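Everything quoted here is computed from the prediction, not taken from an experiment.
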Amino acid sequence: MIGRFLKLIGFLILAAVIFVSGAYIMQDSLVFPTPQPTVSPPYIPPEPLDPDDLYHAIIEYGVPHVIKHNNDPLYAYIRYPQGDNPTDAFIHDWALDLYNNVAVSYGGLGNIDPTNWGEINIHFDSYLIDYRYAGILQIGEITRTMTSEPEEVIKTFNIDLSGYKMLQPGDILDLSDPEDVLSLLYFRMLIEHPRTDGHLTFLDETWLTNLLISHDGIIVILPQGKYLPSDFRTLTVTLPYEDLGPSLLIRQEAPMRPTPTPTPTPSPTPTPTPTPTPPPTDDGNGDEDGDEDGDIDDGSGDNDDSNTEEEDDDMPDLIDIVPPQGNTIDPSLPMIAISFDDGPGIYTMAFLDLLEQYNVRASFFVIGNLVNTQTGALQRIGEIGSEVMGHSWDHKNLAKMSEENVRKQLESTQNAIEEVTGKTIPMIRPPYGETSGIMKSVAEEMGLAIINWNVDPEDWKNHNADMVYNAVMAQVKDRAIILSHEIYKSTLDAYARLIPELLSIGYQIVTVSELMYFTHGQLTPGEIYYSG
């Protein structure tokens with residue numbers, strides 16, 4: 001009897017050991033336990049990243065710089081920040097390498113198959129935290145006709161401005177024992193993206209590769225198809241600073257004192273010569289667009305300006321241009337319109353100082369997602385008699401887009417400008433000057449005239465003030481529309497010389513609207529105009 005009892009006790013002890021061991025092994029094999037239902041604090045999750053989303057840029061650190069290429073078969077617009085410190089080289093080199101790696105494949109492609117084109121479109125958001133840390137997110141896409149889907153581009157840079165050190169993930173979070181950070185990531189994923197439940201059994205420190213320092217916490221970026229099934233687009237997850245505890249290696253010291261970024265000012269310029277000598281009023285062709293046909297070129301290849309009565313009935317409503325108020329313009333004298341693209345930017349105010357100094361005006365064709373970064377500059381543009389027009393939302397090639405996306409680009413840009421300036425824009429300029437039948441049709445439907453140019457100093461390419469000055473002076477003629485870009489210091493320096501020089505030889509410098517008012521009176525929606 002006693003023996004049987006002892007056997008029973010032994011069996012029970014063995015069973016208990018096996019149960020505990022199995023539970024321990026099972027627990028150890030799980031990455032994280034299933035969370036228990038709790039009442040979470042109010043939290044607004046960040047929007048998932050999507051290159052197709054039209055979001056306003058956030059620029060708290062750095063001056064935007066652009067690598068640009070305007071010609072078939074490759075178009076490129078890569079915007080990245082420079083902070084005037086030793087870390088600039090890392091970001092610039094990344095942007096240049098990105099461009100070069102794509103450009104190599106298109107070197108001779110245009111001569112082989114003109115339908116094989118590509119486009120690089122990259123933008124950035126930057127955050128300045130405690131005046132000590134900068135978090136930079138580069139996001140965009142590379143589009144190739146050889147592939148069905150665009151290639152997403154995501155890159156983060158984090159900087160400790162106290163020593164100008166580029167921070168790696170292990171400098172931001174303690175990854176020597178990442179269990180606590182990964183546990184927090186697991187629970188934040190379920191809160192912000194509940195659909196990921198069931199896909200989070202293999203979290204490891206590689207999920208912490210793309211980190212971004214932000215105001216609310218450390219943002220973890222999970223590119224599409226890398227950690228989760230491909231039906232999840234790129235996701236962002238915020239790890240709040242207060243929840244990271246000892247795993248957070250930054251923000252352990254007092255904030256640095258703010259260092260204001262100086263606003264650039266134009267170079268000193270001489271007083272304009274008071275007695276102008278007017279140049280010839282035309283180019284000898286008897287036309288107004290700089291070609292040899294005597295007609296206004298609509299870019300379609302068909303310059304026949306004859307219309308049947310039936311065609312006239314189908315013409316869209318013309319765009320009425322508001323005549324200039326309070327400005328003395330003599331339509332019998334030569335006039336030109338200076339237009340600036342790709343802003344607003346850090347030099348916009350300096351350009352306005354220059355225009356105001358000489359009592360002249362210009363037209364600024366701005367990028368929609370930059371509008372909110374320089375609202376004061378955009379409001380001042382109207383105050384001094386100049387004007388703001390649209391240049392697409394994010395500088396993508398509208399000629400390569402569907403009707404839906406073209407309309408989305410134009411409407412979003414219109415709305416952003418109207419919200420800041422209070423004015424509805426009647427004109428747009430397409431990125432790269434590229435148009436298509438679809439793009440023209442959408443512009444016509446929206447009541448927008450398309451403004452290109454007939455004088456191009458290629459300031460985006462040469463970044464040399466002397467070359468810009470010489471090119472403008474060589475090409476300028478009456479009723480010209482001059483293309484330039486307000487994002488380059490070299491362009492600002494060039495116009496500090498050009499404006500007094502152009503005035504001294506008799507040109508009136510006006511807005512595109514003023515040029516069109518005195519040349520055409522009204523504009524046709526969807527029509528392309530290269531000059532007055």
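- Taking 4.5 Å as the limit, some side-chain heavy atom of L398 sits within range of a side-chain heavy atom of L410.
- In this structure, E151 pairs ionically with R144, as a charged nitrogen and a carboxylate oxygen lie closer than 4.0 Å.
- No hydrogens or angles considered: a donor-acceptor pair under 3.5 Å links the side chains of R132 and S162.
- Taking 4.5 Å as the limit, every side-chain heavy atom of I425 sits out of range of all side-chain heavy atoms of V388.
- Shown are Y488, F364, F365; of these, the ring pair (Phe, Tyr, Trp, His ring centres under 6.0 Å) with F340 is made only by F364.
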Exercise for the section: Please report the C-alpha distance between F157 and Y61 in whole Å, then the side-chain angles of each, then the deciding distance to 0.1 Å, and finally whether the ring-ring contact (aromatic ring centres under 6.0 Å, His included) criterion is met. Expected result: CA-CA 12 Å; F157 297 96; Y61 165 84; over 10 Å; no
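- When all heavy atoms of L378 and T421 are compared, the closest pair comes out as O-CG2, 4.2 Å.
- The six-membered or imidazole ring of H123 lies near that of Y77, with a centre-to-centre distance under 6.0 Å.
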Problem - Candidate pair N454 and Q475, rule side chain to side chain donor-acceptor pair (under 3.5 Å), full reasoning - result: CA-CA 9 Å; N454 65 342; Q475 300 176 47; over 6 Å; no
Exercise for the section: Determine, stepwise, if the pair D171 / I250 fulfils side-chain contact (heavy atoms from CB on, under 4.5 Å). Expected result: CA-CA 8 Å; D171 300 319; I250 65 169; 6.0 Å; no
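- With sequence neighbours excluded, the residues forming a salt bridge (charged side-chain N to carboxylate O under 4.0 Å, His left out) with D466 are R497, listed by chain and number.
- When all heavy atoms are compared, the tightest approach of H56 to A416 is CE1-CB, 4.2 Å.
- Taken to the nearest 0.5 Å, the CG atom of N158 stands 4.0 Å off from the CD1 atom of I172.
- The aromatic rings of W117 and Y75 lie perpendicular to each other, with more than 60° between the two planes, well past the 30° mark.
- At least one side-chain heavy atom of I218 sits less than 4.5 Å from a side-chain heavy atom of Y241.
- Closest of all the heavy-atom pairs between L523 and A449 is CD1-CB, 3.9 Å.
- In this view, D88 satisfies the salt bridge (charged side-chain N to carboxylate O under 4.0 Å, His left out) rule with no residue, not counting sequence neighbours.
- At a cut-off of 3.5 Å, with distance as the only test, a side-chain donor of S513 or E387 sits close to an acceptor on the other residue.
- Side-chain contact between M473 and I505 is present, with at least one heavy-atom pair separated by less than 4.5 Å.
- Shown here are the side chain to side chain donor-acceptor pair (under 3.5 Å) partners of E458, two or more places apart in sequence or in another chain: there are none.
- Between S392 and Q409, the shortest heavy-atom contact is CB-OE1, 3.5 Å.
- Using a distance-only test at 3.5 Å, with no hydrogens or angles considered, a donor-acceptor pair links the side chain of T413 to the main chain of W393.
- Atom NE2 of residue H391 and atom CD1 of residue I428 lie 10.5 Å apart, to the nearest 0.5 angstrom.
- Here the CD1-CG distance, from I120 to L74, works out to 5.0 Å after rounding to the nearest 0.5 Å.
- When all heavy atoms of T435 and P430 are compared, the pair lying nearest together is CG2-CG, 3.8 Å.
- Here L483 contributes atom CG and I338 contributes atom CD1; the two are 11.5 Å apart, rounded to the nearest 0.5 Å.
- No side-chain heavy atom of K477 sits less than 4.5 Å from a side-chain heavy atom of P334.
- No side-chain donor-acceptor contact under 3.5 Å links H520 and E527.
- Ionic pairing of E514 and R361 is present here: one or more N-O contacts between side-chain nitrogen and carboxylate oxygen are shorter than 4.0 angstrom.
- A distance-only check finds a donor-acceptor pair linking the side chain of S504 to the backbone of E501 [under 3.5 Å].
- More than 12 heavy atoms of other shown residues, nucleotides or ligands fall within 6.0 angstrom of atom CG in D330.
- In terms of modelled atom types and a separation under 3.5 Å, the side chain of Y127 and the main chain of H215 share no donor-acceptor contact.
- N415 contributes atom CG, which lies 9.5 Å from atom OG1 of T424 (distance to the nearest 0.5 angstrom).
- Side chain of D97 to main chain of W94: no donor-acceptor pair is present (N/O by atom type, distance under 3.5 Å, no hydrogens or angles).
- In this structure, the side chains of I336 and L515 stay at 4.5 Å or more apart for every pair of heavy atoms.
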Problem - Working for side chain to side chain donor-acceptor pair (under 3.5 Å), residues T87 and N85 - result: CA-CA 6 Å; T87 65; N85 64 63; 2.4 Å; yes
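- Between the side chain of H65 and the backbone N or O of Y80 there is no donor-acceptor pair closer than 3.5 Å.
- Judged as a salt bridge (charged side-chain N to carboxylate O under 4.0 Å, His left out), and not counting sequence neighbours, the contacts of E403 are R407.
- Partners of N70 according to the side-chain contact (heavy atoms from CB on, under 4.5 Å) rule, which considers only residues two or more places apart in sequence or in another chain, are K68, Y432, W460.
- Side-chain polar atoms of T143 and E119 form no donor-acceptor pair below 3.5 angstrom.
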Exercise for the section: Would you please test I481 and M516 for side-chain contact (heavy atoms from CB on, under 4.5 Å) and show each step? Expected result: CA-CA 10 Å; I481 298 176; M516 294 301 175; 3.7 Å; yes
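- S386 approaches L355 most closely through the heavy-atom pair OG-CD1, 3.8 Å.
- No donor-acceptor pair closer than 3.5 Å links the side chain of T156 to the backbone N or O of N210.
- Counted by atom type alone, T491 and D459 present one or more donor-acceptor pairs between their side chains at under 3.5 Å.
- Judged by distance alone, with hydrogens and angles left aside, the side-chain atoms of Q138 form no donor-acceptor pair with the main-chain N or O of K155 at under 3.5 Å.
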Exercise for the section: Just do the side-chain contact (heavy atoms from CB on, under 4.5 Å) check on I154 and L137 with the steps written out, would you? Expected result: CA-CA 7 Å; I154 291 177; L137 169 63; 4.1 Å; yes
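- Checking side-chain atoms of Y529 against main-chain N and O of T524 turns up a donor-acceptor pair under 3.5 Å.
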Handout entry: Evaluation steps, side-chain contact (heavy atoms from CB on, under 4.5 Å), between N372 and T375
Key = CA-CA 5 Å; N372 281 358; T375 56; 4.3 Å; yes
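- Although no hydrogens or angles enter the test, the distance criterion places a donor-acceptor pair under 3.5 Å between the side chain of D478 and the main chain of M335.
- Residue pairs satisfying the side chain to side chain donor-acceptor pair (under 3.5 Å) criterion with at least one member in residues 376-385, sequence neighbours excluded, are listed as follows: D353-R380, E356-R380.
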Exercise for the section: For H395 and N121, run side chain to side chain donor-acceptor pair (under 3.5 Å): C-alpha distance rounded to whole Å, both residues' side-chain angles, the deciding distance at 0.1 Å, then the answer. Expected result: CA-CA 7 Å; H395 208 281; N121 187 269; 5.3 Å; no
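- Between R79 and D394 the shortest side-chain heavy-atom distance does not fall below 4.5 Å.
- Here the side chains of V366 and V371 are in contact, with some heavy-atom distance below 4.5 Å.
- Under the 3.5 Å distance criterion, the side-chain polar atoms of S339 are matched with a main-chain donor or acceptor of I482.
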